[in-house]
Amino acid sequence: MFAAGTDTIYITIEWILTELITHPSVMSKAQEEVRRVLGSSQSVSEEALNKMAYLKAVIREGLRMHPPIPTLVPREAMKVTELEGYVIPKGTRVFINVWTISRDPMYWEKQEEFWPERFLNSNTVDFKGQNFEFTPFRSGRRRCPGINFSTLTIECVLAKLLLAFDWEVPNENKNEVHDISEAFGINTQKKTIFF
Ligand code: HEM
């Protein structure tokens with residue numbers, strides 16, 4: 001539980017902050033919403049979070065572009081299985097590349113863009129496991145049991161960070177082109193830490 005629940009949450013928050021910092025107009029919309037809903041309150045309640053539709057869309061978009069476990073945990077086929085015309089022999093190790101699926105232009109408009117609005121316009125696509133184009137928590141019986149806990153934690157941490165701080169690239173780095181690519185691995189770590 002500790003292994004599954006710590007890296008995933010911090011990686012998600014780190015990527016979302018990176019995307020927000022590199023997309024100042026998205027950052028200001030999210031910040032405006034958080035500050036408007038919370039007003040002078042310094043604490044974040046679940047009721048307040050439910051009024052932050054844009055923040056929730058930002059988190060979905062972060063998980064779409066940077067699923068913390070990009071190829072999920074491999075499984076082994078226990079018997080010969082046929083799937084959409086493909087025969088998977090018994091004993092095959094199967095990876096599901098959710099990273100690629102959640103950037104597939106067949107399902108996603110402007111797939112390479114950090115564009116949270118896509119989740120405001122659609123009521124149907126969610127990460128609970130019913131939409132196979134978006135399964136950062138996996139789907140089926142072995143999907144993540146920490147979905148609700150982690151989304152609430154991420155919402156709460158991000159709301160607090162956006163409430164209390166203004167985030168931007170430091171002046172001395174403003175004109176640099178930043179490498180925001182991902183390192184290869186079981187987790188989607190950043191390749192370069194630049195701020
Ligand atoms: C953004 C946050 C998180 C993401 C994206 C995430 C994603 C996932 C995924 C994809 C799996 C399935 C792995 C596989 O078998 O392919 C999984 C399993 C699991 N997750 Fe999470 N997780 C997150 C947070 C958490 C948290 C906060 C907890 C616990 C407090 C947690 C506990 C677990 C456990 C115990 C499993 C194993 C379930 C099993 O094998 O049946 N996860 N998670």
Side-chain angles (χ1 to χ4, degrees), residues 1-21 23 26-27 30 34 44-46 49-50 52-79 81 83 86 88 90-104 107-108 111 114-116 118-119 122 124-162 167 180-191 193:
M1 211 176 82
F2 282 113
T6 46
D7 274 14
T8 45
I9 286 196
Y10 99 74
I11 286 172
T12 308
I13 293 172
E14 196 172 69
W15 274 114
I16 292 173
L17 275 179
T18 303
E19 292 289 0
L20 287 175
I21 291 169
H23 295 84
V26 179
M27 167 77 88
V34 169
V44 181
S45 66
E46 222 175 313
L49 289 174
N50 285 335
M52 297 181 193
Y54 195 71
L55 185 73
K56 287 176 193 285
V58 164
I59 293 167
R60 278 166 174 65
E61 184 66 339
L63 284 166
R64 181 190 73 83
M65 291 203 77
H66 307 283
I69 313 178
T71 54
L72 302 181
V73 175
R75 296 279 183 260
E76 189 176 307
M78 292 168 74
K79 54 181 179 99
T81 309
L83 191 67
Y86 294 92
I88 300 165
K90 181 178 174 200
T92 306
R93 184 177 290 186
V94 179
F95 287 85
I96 298 178
N97 192 339
V98 293
W99 190 95
T100 303
I101 297 170
S102 53
R103 291 178 185 229
D104 187 336
Y107 306 107
W108 303 97
Q111 72 280 2
F114 187 76
W115 180 45
R118 76 178 77 246
F119 288 104
S122 137
T124 48
V125 179
D126 205 354
F127 48 47
K128 300 282 167 71
Q130 306 303 316
N131 302 109
F132 294 147
E133 68 271 42
F134 187 37
T135 56
F137 295 98
R138 202 180 184 103
S139 179
R141 282 178 294 178
R142 295 291 296 277
R143 76 180 180 152
C144 178
I147 297 186
N148 290 340
F149 175 74
S150 48
T151 42
L152 205 54
T153 307
I154 296 166
E155 283 168 19
C156 192
V157 171
L158 274 178
K160 286 227 163 203
L161 291 176
L162 295 183
W167 298 83
I180 55 166
S181 49
E182 294 155 331
F184 177 76
I186 183 91
N187 280 339
T188 327
Q189 306 274 356
K190 288 168 92 166
K191 201 165 176 183
I193 305 289

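Keep in mind that the numbers below use all heavy atoms, side chains included, and drop hydrogens, waters and symmetry copies. Ligands are counted one by one from 1 in listed order, and the atoms in each one are counted from 1 as well. Computed from a prediction, not measured in an experiment: that's the story for all the values here.
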Expected list for residues 128-137: side-chain donor-acceptor pairs under 3.5 angstrom, two or more places apart:
from, atom 1, to, atom 2, distance (Å)
N131, OD1, D126, N, 2.9

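For the pair T151 and ligand 1, no heavy-atom separation below 4.0 Å is found.
Of all the atoms in ligand 1, the ones that sit under 4.0 Å from a non-hydrogen atom of F149 are 27 (C), 30 (C). Short contacts between ligand 1 and G5, defined as distances under 4.0 Å to a heavy atom of the residue, involve ligand atoms 25 (C), 26 (C), 27 (C), 28 (C). Under a 4.0 Å criterion applied to the non-hydrogen atoms of I9, ligand 1 contributes the atoms 27 (C). Taking a cut-off of under 4.0 Å to the non-hydrogen atoms of T12, the atoms of ligand 1 that pass are 1 (C). For ligand 1, the atoms lying closer than 4.0 Å to a non-hydrogen atom of P145 are 19 (C), 20 (N), 33 (C), 34 (C), 35 (C), 36 (C), 38 (C). Residue I154 approaches ligand 1 through these ligand atoms, each under 4.0 Å from one of its heavy atoms: 1 (C). Contact atoms of ligand 1 toward S150: 2 (C), 24 (C), 27 (C) (distance under 4.0 Å to a heavy atom of the residue). Each of the atoms 5 (C) of ligand 1 lies under 4.0 Å from some heavy atom of P68.
Of all protein heavy atoms, the one lying nearest to atom 41 (O) of ligand 1 is R142 NE, 2.7 Å. When only non-hydrogen protein atoms are considered, atom 23 (C) of ligand 1 lies nearest to T8 OG1, 3.5 Å. M1 CG, 3.7 Å is the protein heavy atom nearest to atom 29 (C) of ligand 1. The protein heavy-atom contact nearest to atom 32 (C) of ligand 1 is A4 CB, 3.6 Å. Protein heavy atom in closest approach to atom 16 (O) of ligand 1: R138 NH1, 2.4 Å. Regarding atom 7 (C) of ligand 1, its nearest protein heavy-atom neighbour is P136 O, 3.6 Å. Residue, atom and distance of the protein heavy atom nearest to atom 6 (C) of ligand 1 are F137 CD2, 3.5 Å.
For the pair S150 (side chain) and G146 (backbone), a donor-acceptor distance under 3.5 Å is present. For R64 (side chain) and P116 (main-chain N/O), no donor-acceptor pair under 3.5 Å exists by modelled atom type.
For the pair W15 and L63, the minimum side-chain heavy-atom distance is 4.5 Å or more. Between L17 and L158, the closest side-chain pair of non-hydrogen atoms falls below 4.5 Å. Using a 4.5 Å heavy-atom cutoff, the side chains of I11 and H66 are not in contact. Put simply, the side chain of E14 reaches to within 4.5 Å of the side chain of K190, judged on heavy atoms. Looking only at side-chain heavy atoms (C-beta outward), T92 and T81 stay at 4.5 Å or farther from each other. Between Y107 and V125 the shortest side-chain heavy-atom distance does not fall below 4.5 Å. Taking the side chain as every heavy atom from C-beta outward, L152 and N148 never approach each other to under 4.5 Å.
At a heavy-atom distance under 4.0 Å, atoms from both the backbone and the side chain of C144 approach ligand 1. Contacts with ligand 1 closer than 4.0 Å are made by heavy atoms of both the backbone and the side chain of V73. With a heavy-atom cut-off of 4.0 Å, T135 does not touch ligand 1 at all. Under 4.0 angstrom from ligand 1, the non-hydrogen atoms of R75 all belong to its side chain.
The one candidate from R103, R118, M65 that meets the side chain to side chain contact (heavy atoms under 4.5 Å, CB included) condition with W108 is R118. When each of N187, T188, I69 is paired with D7, the side chain to side chain contact (heavy atoms under 4.5 Å, CB included) condition holds for N187 and for no other. When the options L161, L20, T18 are evaluated for a side chain to side chain contact (heavy atoms under 4.5 Å, CB included) with W167, the one that passes is L161.
Distances between N or O atoms of R143 and those of ligand 1 include no value under 3.5 Å.
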